[in-house]
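Have a look at the structure below, then the notes.
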Amino acid sequence: MDTAYADRERKQGNFYFNKGQFVEAEAFYSAAIASLPIGHSELVLLCNNHAAARLKLGKYHECLSDCTVAIDIARKQMTYSAILGDPTWRSQMIKALHRKASALEGLGMFEAAIQSYEEYIRLEGSRSAQVAQGIQRCQQALLEKRHPPPPPHPSQQQQQPPPQPPRPSTNGPNWKPSNTTSAFPDIDFNMFIPKRTPEQLATQEEINKSKAVKEIREREKQKEAEDLERLQNEDKVNAKIVSWKMGKDRNLRALLGSLHVILWPGVQWKSVQMSELLEPRKCKITYMKAIAKVHPDKLPANATVEQRMLASSIFTTLNQAWDLFKIENKL
């Protein structure tokens with residue numbers, strides 16, 4: 001399979017990542033990933049880069065998904081690389097484990113983060129200062145969670161002077177409500193909001209963490225279902241793509257002229273006559289409109305897995321034809 005497009009998008013992503021523009025880097029990595037089939041070996045590097053950008057953006061759940069894909073593929077490839085003496089997959093596996101541990105730490109899942117850090121150490125064969133600091137942070141957080149500071153002793157509370165009531169002001173109350181239309185402008189309504197005890201706060205923290213674990217599991221379950229659906233639809237989608245681009249995969253005008261044949265009804269694409277595409281400038285405008293319809297990051301949230309697979313393949317085919325069109329027409 002031709003991976004030139006994915007490689008080009010990855011390099012663009014690297015360019016923006018090195019400039020600190022992580023949103024743009026994430027978008028280019030997404031486009032590169034979408035252009036490759038499930039399980040492709042190039043996805044290890046792409047998902048690792050994707051995970052790094054998302055880690056910088058604080059998208060810890062999404063980062064974990066990328067790391068899972070990278071680790072699964074790298075683990076399968078490591079058997080062959082051991083025979084061939086290729087250290088590439090081991091290196092990618094180590095990177096994915098480190099990013100996974102960092103994402104888990106960011107989600108407050110400290111025990112799971114420590115396990116990933118330790119797996120990293122076993123594979124790497126050494127403990128770097130960065131990994132040691134990560135483990136230390138997680139252990140400290142777990143220690144504070146299991147042994148919170150004791151409440152102040154009653155005798156200490158009695159020694160504290162009782163709070164003095166505020167002195168009345170001749171100019172009216174110091175506090176003023178933000179809502180000046182209140183029927184009781186001199187009352188601080190914050191007094192009616194109950195204050196939570198340390199025990200309640202700790203319970204809420206546990207609830208938040210359990211919610212995070214549940215969300216991760218739901219995401220992983222959803223991704224597994226999507227991967228299965230992709231495999232089921234792979235032959236069907238490939239047949240549609242082959243039929244659409246047969247004999248014209250390098251002819252941008254022909255691809256755009258027949259685009260309505262392969263797009264699904266919800267895209268709302270109006271068929272284009274070949275006579276409308278003769279002028280290079282008009283052909284370029286039509287191409288830009290088509291790309292906007294099938295860009296992997298611009299599909300609606302309710303798009304099906306089959307539609308996303310079609311859009312990804314159409315996106316890649318049009319881009320490859322556009323590169324040739326630019327050269328031929330000196331654009």
Side-chain angles (χ1 to χ4, degrees), residues 1-11 13-14 17 26 28-55 59-104 107 109 112-126 128 131 216-238 241 296 305-306 308-309 312-313 316:
M1 179 179 179
D2 185 11
T3 60
Y5 172 76
D7 189 55
R8 186 166 61 251
E9 295 295 288
R10 177 183 61 81
K11 288 177 180 177
N14 292 347
F17 186 93
E26 182 191 16
F28 277 103
Y29 292 143
S30 295
I33 289 170
S35 71
L36 297 177
I38 297 170
H40 196 285
S41 60
E42 291 291 327
L43 287 174
V44 177
L45 175 60
L46 286 170
C47 286
N48 253 334
N49 291 0
H50 209 210
R54 287 173 159 179
L55 194 61
K59 295 183 176 181
Y60 300 125
H61 291 105
E62 293 84 350
C63 176
L64 281 177
S65 298
D66 286 324
C67 292
T68 300
V69 174
I71 289 170
D72 287 346
I73 299 175
R75 211 185 290 274
K76 293 174 184 176
Q77 296 290 339
M78 279 177 67
T79 304
Y80 302 105
S81 65
I83 298 171
L84 299 173
D86 182 7
T88 304
W89 302 110
R90 179 175 170 274
S91 173
Q92 291 297 323
M93 180 81 161
I94 289 170
K95 289 180 181 178
L97 284 170
H98 188 229
R99 284 158 194 169
K100 178 183 178 181
S102 299
L104 289 168
L107 289 169
M109 301 173 65
I114 291 174
Q115 290 176 3
S116 293
Y117 279 129
E118 288 175 345
E119 187 177 356
Y120 169 97
I121 293 170
R122 286 194 296 272
L123 193 59
E124 173 69 9
S126 62
S128 67
V131 171
I216 291 176
R217 288 175 179 169
E218 287 177 352
R219 286 173 184 269
E220 290 178 348
K221 186 176 180 181
Q222 183 180 358
K223 191 173 185 309
E224 287 176 1
E226 288 182 0
D227 289 346
L228 179 60
E229 191 173 349
R230 281 179 180 273
L231 288 173
Q232 292 171 345
N233 285 294
E234 189 171 3
D235 291 340
K236 180 182 176 182
V237 170
N238 287 341
I241 294 294
V305 172
E306 181 182 348
R308 292 183 181 278
M309 293 173 70
S312 174
S313 296
T316 302

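With values rounded to the nearest 0.5 angstrom, Ile94 atom CD1 is found 4.5 Å from Leu123 atom CG. To the nearest 0.5 angstrom, His61 atom NE2 is 4.5 Å from Leu107 atom CG. From Leu36, atom CG reaches atom OG1 of Thr316 across 8.0 Å, with rounding to the nearest 0.5 Å. Put simply, SG on Cys67 and CG on Leu55 are 7.5 Å apart, with the number rounded to the nearest 0.5 Å. Atom CD of Gln115 is separated from atom CE of Met109 by 9.5 Å, given to the nearest 0.5 angstrom. To the nearest 0.5 Å, atoms CZ (Arg8) and OG1 (Thr3) are separated by 10.5 Å.
Applying the side chain to side chain donor-acceptor pair (under 3.5 Å) test to Asp66 and every residue at least two apart in sequence or in another chain returns His50, Arg54. Residues satisfying the ring pair (Phe, Tyr, Trp, His ring centres under 6.0 Å) test with Tyr5, not counting sequence neighbours, are Phe315. Among residues two or more places apart in sequence or in another chain, the ring pair (Phe, Tyr, Trp, His ring centres under 6.0 Å) test is passed with Tyr117 by none.
Closest approach of Ser116 to Leu104, counting heavy atoms only: OG-CD1, 3.6 Å. Considering all non-hydrogen atoms of both residues, Ala101 and Ala113 come closest at O-CB, 3.6 Å. Leu43 and Pro37 make their closest contact through CD1-O, 3.4 Å (heavy atoms, listed as atom of the first residue, atom of the second, distance). Pairing each heavy atom of Ser41 with each of Ile73, the nearest pair is CA-CG2, 4.3 Å. Closest approach of Cys63 and Arg99 over heavy atoms only: SG-O, 4.0 Å. The shortest non-hydrogen separation linking Arg308 to Pro296 is NH1-O, 4.2 Å.
A salt bridge links Asp7 with Lys11: at least one charged nitrogen is closer than 4.0 Å to a carboxylate oxygen. In this structure, Lys100 does not pair ionically with Glu119, as no charged nitrogen and carboxylate oxygen lie closer than 4.0 Å.
Not one N or O on the side chain of Tyr120 forms a donor-acceptor pair closer than 3.5 Å with the backbone of Ala96. Asn238 contributes a side-chain N or O that, together with a main-chain N or O of Glu234, makes up a donor-acceptor pair within less than 3.5 Å. In terms of modelled atom types and a separation under 3.5 Å, the side chain of Asn48 and the main chain of Gln92 share a donor-acceptor contact. Between the side chain of Ser128 and the main chain of Val131, a donor-acceptor pair closer than 3.5 Å is present.
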- Task: Under the salt bridge (Lys or Arg N to Asp or Glu O under 4.0 Å) rule, what do Arg10 and Glu42 come out as? Steps first, then yes or no, please.
- Result: CA-CA 10 Å; Arg10 177 183 61 81; Glu42 291 291 327; 5.5 Å; no

